[in-house]
Amino acid sequence: PTKDASNVKSLYSNAYTTVAQSWKVGSWYQSTKTSEVDLGSGDKAYCNTNFNYLGFQYGSDTQTLDFSDMDYMHIDLYPTSDMTVNFYPITKRSDGTTDDTKSIALKLTKNQWNSFDLSVADFKAMGLDVSKSYQIKLDGGDGTNTFFLDNIYYWKKASDLPAALIPTMYASHVKSL
């Protein structure tokens, strides 16, 4: 990851500090077996075998995180076979119920890192309230797939505002309006 940390809200990455109160693998009777592995030099990732679906929760059942000020959600996946994973950004509705039906299909190429920057504007266009982000879910596996998962974070573009100009005239020669 190369984004400036001041423009990132991280969920899982060794490159950034997490904003999640706690980050845990859900246990919703999936066949997927998930373990954290060291990729080298202390960089950790999740290894997911027997994948059918997988979910992560940011904290307690009532905790949500606000990503409305971010532009993208980044995720890295490394599959051992070509596959498509459906990605669900799960949010809470204003009445407290969970909105977990909207997904984006991610087409993965085997034996390489597949990096995605998913548009937060697209999440909003799907009707998701990203100010109440709650969980993420991935599904679409057939129970035999294996992939690694790393660097899950939201990010925003750096400000495009130019630095303030330094005055080139003496104050005694200028009349301000």
Side-chain angles (χ1 to χ4, degrees), residues 1-26 34 36 39 42-46 48 51 53-79 82-109 112-141 147-165:
T2 59
K3 305 294 178 206
D4 186 298
S6 65
N7 296 322
V8 170
K9 290 183 179 178
S10 178
L11 294 170
Y12 179 79
S13 176
N14 289 104
Y16 304 109
T17 302
T18 185
V19 296
Q21 180 181 16
S22 64
W23 173 256
K24 59 185 175 184
V25 177
T34 301
E36 193 173 49
L39 299 175
D43 184 23
K44 296 187 179 182
Y46 283 109
N48 304 283
F51 173 68
Y53 75 90
L54 171 67
F56 292 94
Q57 189 161 327
Y58 306 161
S60 70
D61 284 339
T62 58
Q63 182 191 12
T64 61
L65 295 173
D66 184 354
F67 297 116
S68 61
D69 59 336
M70 299 285 114
D71 297 318
Y72 298 95
M73 181 189 196
H74 181 89
I75 186 169
D76 292 328
L77 300 112
Y78 186 107
D82 290 334
M83 62 189 287
T84 298
V85 170
N86 301 309
F87 175 81
Y88 298 77
I90 301 174
T91 62
K92 292 278 190 171
R93 295 183 185 98
S94 58
D95 65 2
T97 60
T98 301
D99 194 346
D100 61 356
T101 61
K102 300 178 176 86
S103 66
I104 299 167
L106 306 176
K107 188 167 180 65
L108 307 180
T109 302
Q112 69 182 35
W113 283 106
N114 294 253
S115 295
F116 297 92
D117 287 305
L118 308 172
S119 170
V120 170
D122 289 348
F123 295 170
K124 292 175 182 177
M126 293 187 319
L128 296 171
D129 183 353
V130 295
S131 72
K132 296 179 182 159
S133 295
Y134 174 60
Q135 299 172 337
I136 61 170
K137 179 178 101 172
L138 300 100
D139 74 10
F147 67 92
F148 294 86
L149 175 66
D150 199 5
N151 301 314
I152 306 167
Y153 58 88
Y154 284 79
W155 64 276
K156 63 183 175 183
K157 295 176 187 170
S159 174
D160 292 332
L161 296 176
L165 298 175

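It should be emphasised that the depicted structure is a prediction, and the values quoted were computed from it without experimental measurement. The first residue in the sequence is number 1, and the count goes up from there.
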#### Entry: Criterion side chain to side chain contact (heavy atoms under 4.5 Å, CB included) on Gln135 and Asp100, from CA distance to verdict
CA-CA 9 Å; Gln135 299 172 337; Asp100 61 356; 6.0 Å; no
#### Entry: Minimum-distance pair of heavy atoms, taken over all atoms of Ser115 and His74
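Where Ser115 meets His74 most closely, the heavy atoms are CB-CE1, 3.9 Å.
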#### Entry: Close side-chain approach of Ser133 to Phe123, heavy-atom, < 4.5 Å
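They are not in side-chain contact.
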### Query
For the residue pair Tyr78 and Phe148, does the interplanar ring angle fall in the parallel (under 30°), tilted (30 to 60°) or perpendicular (over 60°) class?
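Ring orientation of Tyr78 relative to Phe148: perpendicular.
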### Message
Using the rule side-chain hydrogen bond (donor to acceptor under 3.5 Å, both in side chains), only one of Asp117, Asn7, Asp71 pairs with Trp155; which is it?
### Response
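Considering Asp117, Asn7, Asp71, a side-chain hydrogen bond (donor to acceptor under 3.5 Å, both in side chains) with Trp155 is found only for Asp117.
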### Distance, nearest 0.5 Å, that separates CG of Asn14 from NZ of Lys44
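Result: 7.5 Å between the selected atoms.
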### Message
To the nearest 0.5 Å, what is the distance between CG on Leu108 and CG on Asn114?
### Response
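Interatomic distance, Leu108 CG to Asn114 CG, rounded to 0.5 Å: 5.0 Å.
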### Task
For the pair Lys9 and Asp66, find out whether any cationic side-chain nitrogen is under 4.0 Å from an anionic carboxylate oxygen.
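Salt bridge flag = no for Asp66 with Lys9.
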### Query
Taking the side chain as C-beta and beyond, is there a heavy-atom pair between Leu149 and Ile75 under 4.5 Å?
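Heavy-atom side-chain distance check passes, below 4.5 Å.
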### Message
When you compare the side chain of Asp99 with that of Asp129, does any pair of heavy atoms fall below 4.5 Å?
### Response
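The answer is no, as the side chains (C-beta and beyond) never meet within the 4.5 Å cut-off.
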### Task
Answer yes or no: is there a side-chain heavy-atom contact under 4.5 Å between Val19 and Phe67?
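Of all side-chain heavy-atom pairs linking Phe67 with Val19, at least one is under 4.5 Å.
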### Message
As an exercise, state the distance from OG of Ser68 to NZ of Lys132, rounded to the nearest 0.5 Å.
### Response
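These two atoms lie 11.0 Å from each other.
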### Query
Given the rule in the side chain to side chain contact (heavy atoms under 4.5 Å, CB included) test, do Val25 and Leu54 qualify, once you have shown the distances and angles that lead to the verdict?
CA-CA 8 Å; Val25 177; Leu54 171 67; 3.8 Å; yes
### Query
Hey, what do you get for CZ (Phe87) to OG (Ser103), rounding to the nearest 0.5 Å?
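Those atoms lie 10.0 Å apart.
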### Task
Of all the heavy-atom pairs spanning Asn151 and Ser13, show the shortest one and how long it is.
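Heavy atoms only, the tightest pair is OD1-OG, 2.7 Å.
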### Query
Any donor and acceptor pair, going by atom type alone, linking the side chain of Tyr16 with main-chain N or O of Lys3 inside 3.5 Å?
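Judged by distance alone, yes, a pair lies under 3.5 Å.
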### Query
Can you tell if the side chain of Lys102 reaches within under 4.5 Å of the side chain of Pro89, non-hydrogen atoms only?
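Heavy-atom side-chain distance check fails, nothing below 4.5 Å.
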### Message
Taking Ser10's backbone N and O only, do any of them form a donor-acceptor pair with Thr18's side chain (distance below 3.5 Å, no angle check)?
### Response
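A pair under 3.5 Å: yes.
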### Task
Kindly determine whether Tyr46 and Tyr12 satisfy ring pair (Phe, Tyr, Trp, His ring centres under 6.0 Å), including the steps that lead there.
CA-CA 10 Å; Tyr46 283 109; Tyr12 179 79; 4.5 Å; yes
#### Entry: Pairwise side-chain contact, Met70 with Tyr153, heavy-atom cut-off 4.5 Å (strictly under)
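They are not in contact (no side-chain heavy atoms under 4.5 Å apart), so the answer is no.
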### Task
Check Tyr134 against Thr64 and note the closest heavy-atom contact, atom names and distance.
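Looking at all heavy atoms of both residues, the closest pair is CB-CG2, 4.5 Å.
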### Message
Run Met73 and Ile152 through side chain to side chain contact (heavy atoms under 4.5 Å, CB included) and show every step you take.
### Response
CA-CA 7 Å; Met73 181 189 196; Ile152 306 167; 3.4 Å; yes
### Approximate separation, where rounding is to 0.5 Å, of Leu138 CG and Asn48 CG
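Going from the CG atom of Leu138 to the CG atom of Asn48 covers 8.0 Å.
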### Task
Indicate yes or no: at least one non-hydrogen side-chain atom of Leu65 is less than 4.5 angstrom from one of Leu11.
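Yes, their side chains come closer than 4.5 Å.
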### Message
With rounding to the nearest 0.5 angstrom, report the CZ to CG distance, Phe147 to Leu77.
### Response
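Output value for this atom pair is 6.0 Å.
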### Ile136 vs Tyr58 side-chain heavy atoms within contact, under 4.5 Å
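Contact flag for Ile136/Tyr58 side chains = yes.
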